[in-house]
Amino acid sequence: MVNKKFRSSFKSFWIKVKQLKIRFAVVWLLSLFFVAIFLEFLASDKPILAKVEETWYMPSIGETMFDLGINERYNKIRRVKWEKHDEFKIMPVVPYSANTLDLKNASYKGPFEKQRVKSIRYRHWLGTDKIGRDVLAGLLNGCRLIIKIMLIVGLVAGALGLLIGGFAGFLGDRSVKWTLSKIILYGLGGFMACYIVFMILNVSLISKGVLHIKEVVLAIVVPIGLFGILRQLYRRIIYKQIDLRFSLSSYSIPIDSIFYFVIVLITAMPVTMILLALLGYFQSPSLVLTMCLFGLVLWKNIARIIRGEVLRVKEQDYIIASRQLGLSKGRIFWRHIFPNIKNQFFITLALAVSGSLLIEASLSFLGIGMAVGEISWGVLLSQGKSNISAYWLSLFPGILLVITVYSINAIAERYKKVN
Amino acid sequence: MYRKILIRVLLFYPTLFVLSIFLFMLRESATGDEVISLCGGDIIFEDRLYQECIKAYDLDKPSFYFSIGPSFVNHNALAAVFPEGRRNTVEHLLYNSGDWQLVKGFDSEMMKLFTASNEFAGDNAIELKNLKNRYFRGLDSNELAVVIEDLSTLFPGERLDPVRSFFGSIINEKPKLWDYIPSLELHGFDNRFHKWWRSAIDFDFGQSFRGRSVNSLIKGSVKYTLLLNLLAFFLSIVASIGLVFFVNRQREHIRNRFDGVISMLMAVPRFWLATLLIFFFANKILFPELSLFRIGAVEKGASVQDIFQYLTLPIFCLAFPIILSIYKHLRENIAKEYSKQYVQAARSRGIKEKQIFSLYVLPNALNPLFTLIGTLFSRLLVGSVIIESIFFIPGLGGLLFDAFMSNDWPVLYALCFISGIMTLVGYLISDLLYLVFDPKLRLGGLGHGK
């Protein structure tokens, strides 16, 4: 039953893909996903399956599992030298990890040059770099990084853009009306929340030197609790005793103007420069942090377009009708507005993500941004810069990058044409 | 439209202000002793030079117009504690005890002990110096206890008593909960941010960490960047419009094929193109002297052939993505214009296709390009970072890259600031161009703004 349903939904998806003529792009991105997930089975210096002292192991993914703390028994085989191991073993397709140093073939061995390997199985099909790392393994590892980048940047930029653009467009300048007492209460509450969070983080950083998980949880929980208390205080006491009794007039909060001002401000700032300054401040940040920074910088286009779309959809009759029917704001937004702006949202998100891939590659090319030891396509390209005659270091990653960016752009473009 | 321009002009200084607050915050929280970087390497805290440096660059002033914090923190006095590690120690003790007088007393007693170095000789003097360096590098209270124990071997007897008593009471005290109630401390205009912002507005960015003033560094390299970018800019506009003319004369299916190729080329990053071009073209026949961009060759009256040698590939790389994006915009606009009724009317009057295109459609299609020109203006510097570092051109981009690599904050932030100004000016220019070239807006008709 489930199988049938899945198959039919897959069929309709594939028909749509065929209609849009984006077969190649979709297959390419799916294969990137495939490589990213099954990287350990494709490129690793440890065997997929091996027999050590009459016990079966799967060392290539066992290592990852051991790092995650799932499988303790791989501790025993950490020091086994797999190259000389002559019991039963199945090596992956590429018998090198991205970081494996093959010192016999160091200093730029090309794909067609003579290599010092013990069998054709161990040949570097796409050459090596300066310290003998296999380029093909690096490319496959780069697939995983590219997928990570796409996911994190898409998540951060998409969430920020959708939230801010949606809020600005949907709430507008006039729909939120607060009485003076509510403005003062919530303003003070917001200030206090900021101050408390700052104090919790700052005091623990200064007096203990490190940030424990307890403080981070506290810094998230305390402001939420504070706003809960303030909300109850306003509803139960202030609203009934002051606002109703004196019939205070209410002021509209110009949420749209405020958010639009923020968007204009950020548009005026040079994005890549800010990114450079931030990366310089964090001093070799981790991959996830770098990608979060990318997302923090790239949300503004999404927010602007979402705002425009929401403004357009908001005036439609069915939205006015649902408002008259008394549906809640959240329901109107998620059930009636969001399905109508979904396509536009994903198109801009795709463009932002492909842009971030290019920015990442060019920053890694300059030797900025990517954490030390991570081999991405940009890092391979930067090695190609330092030795121009090693064409395999700049040709293959470049082609992969161009195809990836092109497929994302092509999907977005075709979608735009259809809608 | 006028309203939009007015908003842009009014937002100019606030935007710059917010940008510089942001940059200043980053700079303040960057690690490393700024005094030592400013005065060039190996001076130490005792040097009179160090104190003069602090005075000269106003580093002992508070950093912003006001500060909000717990009531026991005296930001004004804290800013004057140097070097940075010592300030961290003092801040750490302050947040643990919540009593400024105690911490101040402890710090001054410690400094008294450290300045008594002329009483010692040989190993003891070195030992004292080591202890002082540890204190100046920033310690927490456990490490401080160890340092005080080590000091007791140097200072036997009563001389260590005040330090011990201060330290004991600091350890025993804890700030009360109501001490954390925020208190506002105003510093007025006599703060570092105000000075930095005032001088940045006047384009005076102070001293680079590498000894020269930031202004002279920028002045030395701005001409290469300007030359490159202006040429690339003209090339891209001419080439894209030429391409559009060329493509428009072809048959339909060729046109579509061409558009497909262009959108594939748009995925080609600049730096990869540059690497490939160098690999294929920088050989003995075509561009032999490419990798040796001689500094000053441009202004010392180099021959046209030389300049051509140096600049062709970088300019092509800079212009390449711009050509593609302008081309794409133009094609989209032209398709949009062709579907309008005035084209049909012109056709029915028997005007030739060529004339319709060049006299009716193209001028209308060019209008939305001005936004693109505005954004291009802002992207000039960023684009040249990569190209200049590949082709070894000593321009602004290379300067930015070097500043980033050597953590040279003044240069980095000066360039960020200039880039921000250029972005704002670019947007303003594009709005003004709209106003000049679009009669609909000039006559006060349908505006693009609200």
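Every chain is numbered from 1, with letters handed out A, B, ... down the list of sequences.
Of the two parts of B/Pro175, neither the backbone nor the side chain holds a non-hydrogen atom closer than 4.5 Å to a non-hydrogen atom of chain A. Heavy-atom distances place both the backbone and the side chain of A/Ile399 under 4.5 Å from chain B. For a residue to count as touching a neighbouring chain, one of its non-hydrogen atoms must lie under 4.5 Å from one of that chain's; by this rule A/Leu395 touches chain B with backbone and side chain alike. Heavy atoms closer than 4.5 Å to chain A are found in the side chain of B/Phe404, but not in its backbone. Using a 4.5 Å cut-off between heavy atoms, B/Ile418 does not touch chain A at all. Contact annotation for A/Ser407: neither backbone nor side-chain heavy atoms come within less than 4.5 Å of a heavy atom of chain B.
Taking B/Phe66 as the reference, B/Phe64 meet the ring pair (Phe, Tyr, Trp, His ring centres under 6.0 Å) condition, with sequence neighbours excluded. By the side chain to side chain contact (heavy atoms under 4.5 Å, CB included) test, B/Ser384 pairs with B/Thr225, B/Asn229, B/Leu381, B/Glu388, sequence neighbours left out.
Residues B/Leu400 and B/Val385 approach most closely at CD2-CG2, 3.4 Å, considering heavy atoms.
The greatest number of non-hydrogen atom pairs below 4.5 Å with chain B, out of A/Tyr391, A/Tyr195, A/Phe198, A/Phe191, is found for A/Tyr195. Counting heavy-atom pairs closer than 4.5 Å to chain B, the top residue among A/Ala361, A/Ser354, A/Gly384 is A/Ala361. Counting heavy-atom pairs closer than 4.5 Å to chain B, the top residue among A/Val405, A/Leu358, A/Leu366 is A/Leu366.
For B/Ser71 (side chain) and B/Asp179 (main-chain N/O), a donor-acceptor pair under 3.5 Å exists by modelled atom type. At least one donor-acceptor pair closer than 3.5 Å links the side chain of A/Lys314 to the backbone N or O of A/Gly169.
Residues B/Tyr180 and A/Ile196 have side chains not in contact (no heavy-atom distance under 4.5 Å, counting atoms from C-beta outward).
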